[in-house]
Amino acid sequence: MLASGGSTVRRRCRPAAGTACDLCYNRASPPCFPGNSAPMTVRTRFAPSPTGYLHIGGARTALFSWLHARHHGGAFVLRIEDTDLERSTAESVNAILEGMTWLGLEYDEGPFYQTRRFDRYREVIQQLLDSGHAYRCYCSRERLERLRADQLARKEKPRYDGHCRHLERPPAPDAPYVVRFRNPLEGTVVVDDLVRGRVSFANAELDDLIIARSDGTPTYNLTVVVDDTDMGITHVIRGDDHLNNTPRQMNIMQALGLQPPAYAHVPMILGPDGKRFSKRHGAVSVMQFRDEGYLPEALINYLVRLGWSHGDQEVFSVDEMVELFDIRDVNKAASTFNPDKLLWLNQHYIKTSPPEHLERHLGYHLGRLGIDPAAGGPDILAVIRALQERSKTLVEMARQALFLYQDFDHYDEKAAKKHLRPAAVEALTRLRTGLAALPDWEAEAIHGVVVGVAEVLELKLGKVAQPLRVAVSGGPVSPPIDVTLELLGRERTLQRIDRALAYIAGT
RNA sequence: GUCCCCAUCGUCUAGACGGCCUAGGACACCACCCUUUCAAGGUGGCGACACGGGUUCGAAUCCCGUUGGGGACGCCA
């Protein structure tokens with residue numbers, strides 16, 4: 001559904017007649033609602049820094065942002081925040097794009113790279129300098145470090161002390177400098193956050209942040225402001241960890257005469273230990289989930305329910321999410337990642353998806369095991385039908401399908417010990433005869449043979465089916481035995497019974 | 001440490017106006033049923049409003065405090 005590239009619904013929110021959907025226009029522009037013309041389109045963005053793969057937290061932020069745009073019929077833009085030349089890599093960009101594609105979070109514009117916009121940032125920095133809203137700071141790193149250490153020792157919040165704020169001229173003609181934003185000293189900044197509600201910060205708590213490094217490159221807080229404005233972003237949806245940056249960015253916008261966008265800070269995802277979710281909690285990379293056999297729709301569904309809900313509903317198709325999602329319904333509290341529930345959803349989607357949909361996904365995992373289902377063996381759709389009710393992941397499904405496509409090299413030890421014993425010889429022999437004589441090789445007839453042998457020998461069905469199962473599959477678990485044999489084919493079935501008989505004789 | 005934020009079952013959550021909540025659903029867990037293995041499915045069970053004060057006829061829902069947790073405090077983003 002999601003990854004197969006089907007069309008996604010694009011619906012506009014429909015406010016009651018004559019009223020505005022208060023999320024559908026940018027507060028920066030005069031509200032054209034209520035009254036006449038169409039509201040300004042919602043524009044959201046996802047702005048990762050390419051310093052790693054796309055992880056779970058980022059993926060959910062992207063999802064919320066994407067859903068918000070889709071729900072309101074707006075645009076979703078992708079921006080790569082690669083101003084940190086040291087840590088940004090092209091591989092990371094690719095990994096992020098790959099992750100988004102796999103999840104089906106397609107973007108309408110971008111990716112835009114900040115490194116290609118340095119001229120623009122320089123221009124804005126100069127503008128800030130010219131208007132007196134920024135100044136050059138010549139403090140050495142050593143002084144800054146000392147300042148910080150002292151403040152910490154005094155149990156104060158470490159921050160720049162404004163040393164260069166009123167400097168008349170550089171200490172030396174060619175002294176290196178950074179550019180700092182001249183943050184207001186008084187007053188408060190109020191953020192009306194779509195999920196957090198009203199949050200206020202005292203300007204006295206904020207210091208003069210660096211907007212340009214000594215090499216002239218711009219820093220994050222400056223570039224976001226410029227880009228969000230230039231790209232017409234109406235709603236900034238991002239992680240909670242950015243809430244504290246918001247007042248600074250709003251101050252910069254004010255200095256530039258810009259109206260800030262609407263903000264929505266979504267809560268973090270924590271690991272089972274209550275700490276911020278990270279690598280040491282296991283899989284964090286979206287692509288790792290693919291490799292572990294998860295369906296993208298299961299991950300998406302799991303992610304959307306982390307911090308958002310719609311009554312008691314647990315399962316949402318992407319279209320339903322788009323229809324029902326409202327950023328204002330997102331929870332304020334952080335939530336803990338629960339692998340069990342993700343697994344359950346994955347199983348649910350495997351169980352309920354049409355086999356045709358699973359085909360490509362299973363094919364991928366079979367391929368990783370060195371199997372090409374198109375090269376022979378049972379029909380993959382039939383295999384999926386037999387396995388989809390008993391697989392929690394696609395990896396599991398691929399492993400369970402293995403014996404249908406290639407011979408196993410040894411029996412499961414415990415299973416062989418229990419079922420491939422002399423006591424089973426009679427049953428296996430009779431099964432072989434009966435099966436070999438079957439006019440049609442299909443489940444119902446096979447079932448008849450198995451039941452028949454059990455009756456003749458006055459054995460419970462399990463006593464007959466289980467040795468047969470171990471004989472043909474190598475282990476104690478497979479789909480119903482008749483279905484299993486049908487999939488395996490007569491030739492292989494008979495061969496494997498012979499092999500089992502030989503094995504018993506040899507033990 | 002300072003600032004900001006958060007707080008319902010182990011986990012994700014439901015909970016518009018405070019009464020419909022002896023707090024609902026889902027995952028996990030336990031038991032039973034079904035059964036040809038493994039699953040799936042069915043039935044039932046376990047299990048929470050962090051604490052303390054208010055406000056009110058009445059509070060999970062409002063206010064204050066405490067405690068606990070998270071985030072931010074970089075020439076990272």
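Just so we're on the same page: letters track the sequence lines, and every chain starts at 1.
- Under the Watson-Crick or G-U wobble criterion, with both distances below 3.5 Å, B:rU56 has no partner in any strand shown.
- Applying the 4.0 Å criterion to OP1 and OP2 of B:rG70, one finds that A:Lys275 has a side-chain N or O inside that range.
- Put simply, A:Lys332 has a side-chain N or O that comes within less than 4.0 Å of OP1 or OP2 on B:rC6.
- Nucleotide B:rU67 is matched to B:rA7 when pairs are restricted to Watson-Crick or G-U wobble geometry with both distances under 3.5 angstrom.
- Side-chain contact between A:Pro476 and A:Asp412 is present, with at least one heavy-atom pair separated by less than 4.5 Å.
- Using a 4.0 Å heavy-atom criterion, one finds that A:Glu389 contacts the bases of the nucleic acid, with or without backbone contacts as well.
- One can find a donor-acceptor pair under 3.5 Å joining the base of B:rA77 and the side-chain atoms of A:Asn245.
- Phosphate proximity of B:rA77 to A:Arg248: absent, as no side-chain N or O sits under 4.0 Å from OP1 or OP2.
- Across all strands shown, B:rG45 is found opposite B:rC29 as a Watson-Crick or G-U wobble partner, with both distances under 3.5 Å.
- Between A:Arg305 and the phosphate of B:rA26, there is no side-chain N or O to OP1/OP2 separation shorter than 4.0 Å.
- Residue A:Arg399 places its CZ atom among 12 or fewer non-hydrogen atoms of other residues, nucleotides or ligands, all under 6.0 Å distant.
- In this structure, A:Ile481 reaches the bases: a heavy-atom distance under 4.0 Å links it to at least one base atom across the strands shown.
- In this structure, CD of A:Gln249 is placed 12 Å from P of B:rA77, rounded to the nearest angstrom.
- A:Asp482 comes within 4.0 angstrom of a base, heavy atoms only.
- Taking both residues in full, the closest heavy atoms of A:Arg122 and A:Gly216 are given as NH1-O, 4.0 Å, listed atom of the first, atom of the second, then distance.
- Near RNA chain B, meaning a heavy atom under 4.0 Å away, the residues from residues 467-480 of chain A are A:Arg469, A:Pro476, A:Val477, A:Ser478, A:Pro479, A:Pro480.
- What you find for A:Thr336 and A:Gly271 is that their closest heavy atoms are CG2-O, 3.4 Å.
- Taking a pair to require two hydrogen-bonding distances under 3.5 Å in either a Watson-Crick or a G-U wobble arrangement, B:rU36 remains unpaired.
- The separation of B:rU61 from B:rG54, taken at their C1' atoms, amounts to 15 Å, rounded to a whole angstrom.
- For the salt bridge (Lys or Arg N to Asp or Glu O under 4.0 Å) condition, the pairs that include at least one residue of residues 82-97 of chain A, sequence neighbours left out, are A:Asp84-A:Arg87.
- Side-chain nitrogen and oxygen atoms of A:Ser335 include none within less than 4.0 Å of the OP1 or OP2 phosphate oxygen of B:rU11.
- In this pair, A:His310 and A:Phe316 present their aromatic rings perpendicular. The plane angle is above 60°, beyond the 30 to 60° band.
- If you check B:rA72 for Watson-Crick or wobble pairing at under 3.5 angstrom, you find it paired to B:rU2.
- Across all strands shown, B:rC21 forms no Watson-Crick or G-U wobble pair with both key distances under 3.5 Å.
- Separation of the P atoms belonging to B:rU56 and B:rC12 is 36 Å when rounded to the nearest angstrom.
- Among the atoms of the strands shown, none is found under 4.0 Å from any heavy atom of A:Thr223.
- Checked against a 6.0 Å centroid threshold, the rings of A:Tyr349 and A:Tyr294 do not count as neighbours.
- The partner of B:rA16, taking Watson-Crick or G-U wobble pairs whose two distances both stay under 3.5 Å, does not exist in any strand shown.
- Look at A:Gln347 and you'll find a side-chain N or O under 4.0 angstrom from OP1 or OP2 of B:rA40.
- For the pair A:His310 and A:Leu243, both in contact range of RNA chain B, the more 5′-proximal nearest nucleotide belongs to A:Leu243.
- Looking at heavy-atom distances under 4.0 Å, A:Arg141 makes contact with a base.
- Within the 4.5 Å cutoff, no side-chain heavy atoms of A:Glu389 are placed close to those of A:Pro479.
- Across all strands shown, B:rA77 remains unpaired; no Watson-Crick or G-U wobble contact has both distances below 3.5 Å.
- Remark: the A:Arg196 side chain and the B:rC5 base include no donor-acceptor N/O pair separated by less than 3.5 Å.
- One cannot find a donor-acceptor pair under 3.5 Å joining the base of B:rG71 and the side-chain atoms of A:Asp240.
- One can find a donor-acceptor pair under 3.5 Å joining the base of B:rG25 and the side-chain atoms of A:Glu314.
- Proximity of A:Thr336 to the phosphate of B:rC12: a side-chain N or O atom is located under 4.0 Å from OP1 or OP2.
- In this structure, the ring of A:Phe403 has its center no less than 6.0 angstrom from the ring center of A:Phe408.
- The cationic group of A:Arg180 does not satisfy the cation-pi geometry with A:Tyr135, failing either the under 6.0 Å distance to the six-membered ring centre or the 45° limit from the ring axis.
- Judged by distance alone with a 3.5 Å cut-off, no donor-acceptor contact links the side chain of A:Lys351 to the base of B:rA40.
- Residue-level contact check: A:Thr51 touches neither bases nor backbone, having no heavy atom under 4.0 Å from any strand.
- Positionally, the nearest nucleotide of RNA chain B for A:Lys157 lies more toward the 5' end than for the other of A:Lys157 and A:Arg180.
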